[in-house]
Amino acid sequence: MIIKLQNLTKIFENKIAVDNLNLEIDRGEILGLLGINGAGKTTTIRMLTLQTQPTSGRFFYFDDSKQIDSREKILSMIGVVPQHLNFDQDLTVRENLELHAKLHHVKNFRERIDELLKFVELEKVGNSNVKKLSGGMKRRLLIIRALIHHPQILFLDEPTVALDPQVRRKIWELVKNLDATIILTTHYIEEAESLCDRVAILDNGKLIALDSPQNLKKIFEQKNLEEVFLKLTSKS
Amino acid sequence: MKNFLIDTLTVFNRDWIVLKRRLTKFILSRMVAPILYLVAFGWGLGRSIDFAGGSYIDFLVPGILALNSMNIAFNSITPVHAERIYHRSLEEYILAPIVPESFVAGKILAAILRSMISSAIILILAWIFGARIDLTPIFLIALILNSIIFAGIGFLAAMKIDTYEEMAQVNTYILLPMSFLCGTFFRTSTLPDFVRFAIELLPLTHTSYLLRDPNSISLAILILYSIAILILSFRAFRKLTD
Ligand SMILES: Nc1ncnc2c1ncn2[C@@H]1O[C@H](COP(=O)(O)OP(=O)(O)OP(=O)(O)O)[C@@H](O)[C@H]1O
Ligand SMILES: [Mg+2]
């Protein structure tokens, strides 16, 4: 176990975005957070990545069964790929990556950045302003930025939104081969099915299913995960 | 402490990269307003008024320096507002294992640098226009404190305000009135007591006072203002993750 969520809840004004979530995330697994728009996926990730405080409930990070309590330590072990692009618009591609590296106290970051740029075929645009990249290039950049400091846990919030099938496949290949615990959200259910060890389905902030795609298909007697998802989320 | 300094430098360096790229444009644009003030008020108006105990331009230059460093420091921070609300690039700092205060410190340091560059430009122009100013260490300290105060006010605005319109209103309702009232263009002693009292509550007034008189009590007032605004800025940044 690497993260444990205990009655995690977030309420905005009078909207319950995340409702009493209990969940244990295993070290090394790929966990998919699925749910329709507004189900509470992003809010859950924002709480787990210390960007916003839970209204009630708690969560714990572990390093070999020892609980981690310092904010700095948690932030050094996680990488976050947000749902939206959040680059520094005044900097080039490389400067954006260098800023991230320095903020994470990474040593010898130049080689690391070269390696990552090459990995996603962005080495030629390293000195361009980020504004000049295409949507797909920006998404790839967003992902490698989160990898610079070798995070143990990677949060990916819809990393393939609005991308063509080629780029999507490439990104999932990349994610699959990472040596990290991965928590991702996506609306491409068939992709989650082939990629995730387990999926958690959220509906109105509540956890309504949690299991491997195989088991979910068996339990709900459906031929694929998308049918399971549609069945579970259409009741509400 | 070591991490605080390193992180502060990282944040500062980001601003320096951006400023360096536009340095010539920055310097040229910073010359426009002071030249207008010096010509209009220094040459134009200044020669036609009899200013007790010296030339008007010598009185005017510290005022211009005070109001200029206020504007530069404040406007150096306003992009943080867009970084928080629109580009959301502030998330990178919130998600980084840095000392949160170092973000505030780095941004304010960059504001001080911008303010010092533009102050140097004004001093050179003023010298060309014939003003003779005593450059004491207190003079420099006054400008730095003034920059901290208004960079901090800019930072607080960037953290608390959610729209561009309201951000622009800070300029109109706070900075612009201070530019004209805080003893920048005239002696406050000529004002009615209650007006002078109100104006002496404002930090820019004390910067003007201190620039003209190194022994002024205004030094203590500016230090208090700086500390208070820094503490509020640190808090505002930490509050972003509530
Ligand atoms: N800052 C906020 N203030 C008020 N309400 C919010 C805020 N952020 C999210 N919400 C609300 O909380 C609920 C959950 O939002 P969240 O962004 O977590 O959903 P999501 O599952 O990520 O959806 P999507 O698939 O559209 O990204 C929604 O009803 C949303 O309107
Ligand atoms: Mg979302």
Side-chain angles (χ1 to χ4, degrees), chain A residues 10 12 42 45-55 61 68 70-92 94-107 109 127 129-131 138 141-142 145-146 148-149 151 153-155 157, chain B residues 1-23 25-26 75-107 110 114 158-159 234-235 237-242:
Chain A
K10 180 76 179 184
F12 293 109
T42 299
I45 290 182
R46 284 178 58 79
M47 284 190 282
L48 294 179
T49 55
L50 317 190
Q51 297 181 76
T52 186
Q53 302 264 356
T55 312
Y61 276 81
I68 302 172
S70 107
R71 173 187 153 275
E72 268 92 15
K73 275 206 189 107
I74 293 174
L75 290 174
S76 329
M77 67 191 269
I78 65 174
V80 182
V81 179
Q83 186 170 358
H84 51 273
L85 303 166
N86 64 352
F87 298 115
D88 190 323
Q89 305 281 317
D90 291 319
L91 299 180
T92 65
R94 196 175 281 278
E95 286 164 353
N96 264 281
L97 298 174
E98 288 180 0
L99 177 62
H100 181 96
K102 288 182 192 162
L103 288 172
H104 283 80
H105 312 125
V106 178
K107 300 199 177 72
F109 54 80
N127 295 323
N129 183 287
V130 280
K131 281 184 268 196
K138 283 180 185 158
L141 180 63
L142 205 61
R145 188 185 65 184
I148 296 175
H149 58 288
I153 309 173
L154 186 64
F155 292 89
D157 199 352
Chain B
M1 190 61 196
K2 186 172 149 241
N3 274 344
F4 170 74
L5 294 177
I6 293 173
D7 297 338
T8 300
L9 211 62
T10 301
V11 176
F12 171 81
N13 189 49
R14 179 266 170 211
D15 271 39
W16 171 236
I17 290 173
V18 175
L19 175 62
K20 207 165 51 180
R21 209 171 274 150
R22 302 172 189 154
L23 199 55
K25 272 190 201 156
F26 177 77
N75 287 312
S76 159
I77 300 284
T78 46
V80 173
H81 178 250
E83 287 173 42
R84 176 171 80 86
I85 300 276
Y86 298 95
H87 309 313
R88 298 177 68 170
S89 47
L90 239 55
E91 289 172 355
E92 268 288 271
Y93 302 91
I94 288 169
L95 284 167
I98 56 170
V99 185
E101 282 69 26
S102 64
F103 178 75
V104 185
K107 285 291 172 191
R114 280 189 162 86
M159 293 297 112
F234 290 157
R235 277 215 200 130
F237 186 63
R238 279 193 182 255
K239 265 202 117 141
L240 280 188
T241 52
D242 271 3

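Because the structure is a prediction, the values reported are computed rather than measured.
- Interface remark: A/Glu95 contributes side-chain atoms only to the contact with chain B (heavy atom separation under 4.5 Å).
- For a residue to count as touching a neighbouring chain, one of its non-hydrogen atoms must lie under 4.5 Å from one of that chain's; by this rule B/Leu240 touches chain A with the backbone only.
- Put simply, of A/Lys73, A/Gln53, A/His149, the one with the most heavy-atom pairs under 4.5 Å next to chain B is A/Gln53.
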Exercise. Under the side chain to side chain contact (heavy atoms under 4.5 Å, CB included) criterion, do B/Arg88 and A/Leu85 qualify, and how do the steps go?
Worked result: CA-CA 8 Å; B/Arg88 298 177 68 170; A/Leu85 303 166; over 6 Å; no
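- Taking CG of A/Leu99 as the start and OG1 of B/Thr10 as the end, the distance is 7.5 Å to the nearest 0.5 Å.
- Nearest heavy atom pair, residue B/Asn13 against residue A/Lys102, reads ND2-NZ, 3.2 Å.
- With a threshold of 4.5 angstrom between heavy atoms, A/Leu103 approaches chain B through its backbone and through its side chain.
- Contact check for A/His105 versus B/Asp7: side-chain heavy atoms found under the 4.5 Å cut-off.
- No hydrogens or angles considered: nothing links the side chains of A/His104 and B/Glu92 as a donor-acceptor pair under 3.5 Å.
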For this session: Could you walk me through whether B/His87 and A/Asn86 pass the side chain to side chain contact (heavy atoms under 4.5 Å, CB included) test, one step at a time?
Result: CA-CA 6 Å; B/His87 309 313; A/Asn86 64 352; over 6 Å; no
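- Heavy-atom distances place the side chain of A/His84, and not its backbone, under 4.5 Å from chain B.
- A/Thr92 has its side chain within reach of B/Arg21: a pair of non-hydrogen atoms, C-beta onward, lies under 4.5 Å apart.
- At a threshold of 4.5 Å between non-hydrogen side-chain atoms, the residues B/Leu95 and A/Phe155 do not count as touching.
- Among the candidates A/Ile78, A/Thr49, A/Asp88, the residue making the largest number of heavy-atom pairs closer than 4.5 Å to chain B is A/Asp88.
- Side-chain contact between B/Asp242 and A/Thr52: absent, with no pair of heavy atoms (C-beta onward) separated by less than 4.5 Å.
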Problem set entry | Working for side chain to side chain contact (heavy atoms under 4.5 Å, CB included), residues A/Asp90 and B/Arg22 | CA-CA 11 Å; A/Asp90 291 319; B/Arg22 302 172 189 154; 3.2 Å; yes
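- When heavy atoms are compared at a cutoff of 4.5 Å, A/Gln89 approaches chain B solely by way of its side chain, counted from C-beta outward.
- Under the 4.5 Å side-chain criterion, counting only non-hydrogen atoms from C-beta, A/Leu91 is in contact with B/Arg14.
- Between A/Arg71 and B/Ala96 the shortest heavy-atom distance is NH2-O, 3.6 Å.
- The most heavy-atom pairs under 4.5 Å with chain B, out of A/Gln51, A/Glu72, A/His100, come from A/Gln51.
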